[in-house]
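Have a look at the structure below before the remarks.
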Amino acid sequence: MREIFAGMPWWVKWVAVPLIAIVVFGGLIASVVGFVIGLLFKALVFVVLVGGLIFVVRKFMASSSRSDW
């Protein structure tokens, strides 16, 4: 493979080949990136919801323990 690319101009190696790869695998790359971003967003929403639940429960427990006095 190196011998094939050795005789090619620089723009073939650094411009044409990556562009061809993006055209051929572009849909796959976009779907993988979309899946990863969606997964990170869902994980962030999960962490926020669990944190909010813990905050509300602690607030409720603290207020209920004060009213017992």
Is it possible for you to say whether [X] and [Y] belong to one hydrophobic cluster, with membership spreading through side-chain heavy-atom contacts below 4.5 Å?
| X | Y | value |
| --- | --- | --- |
| F55 | F46 | no |
| I37 | V45 | no |
| F25 | I20 | yes |
| V17 | W10 | yes |
| V56 | V50 | no |

Looking at CG of L19 and CH2 of W14, how far apart are the two atoms once the value is rounded to the nearest 0.5 Å?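 One gets 13.5 Å once the value is rounded to the nearest 0.5 Å.
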How far does CG of L44 sit from CG of L39, to the nearest 0.5 angstrom?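 One gets 11.5 Å once the value is rounded to the nearest 0.5 Å.
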Shortest non-hydrogen contact between M8 and K13, atoms and distance: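 So the minimum-distance heavy-atom pair works out to O-CE, 4.0 Å.
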Could you tell me which residues satisfy side chain to side chain contact (heavy atoms under 4.5 Å, CB included) with V47, sequence neighbours excluded, listed by chain and number?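 Testing V47 for side chain to side chain contact (heavy atoms under 4.5 Å, CB included), a comparison that skips the adjacent residues, returns none.
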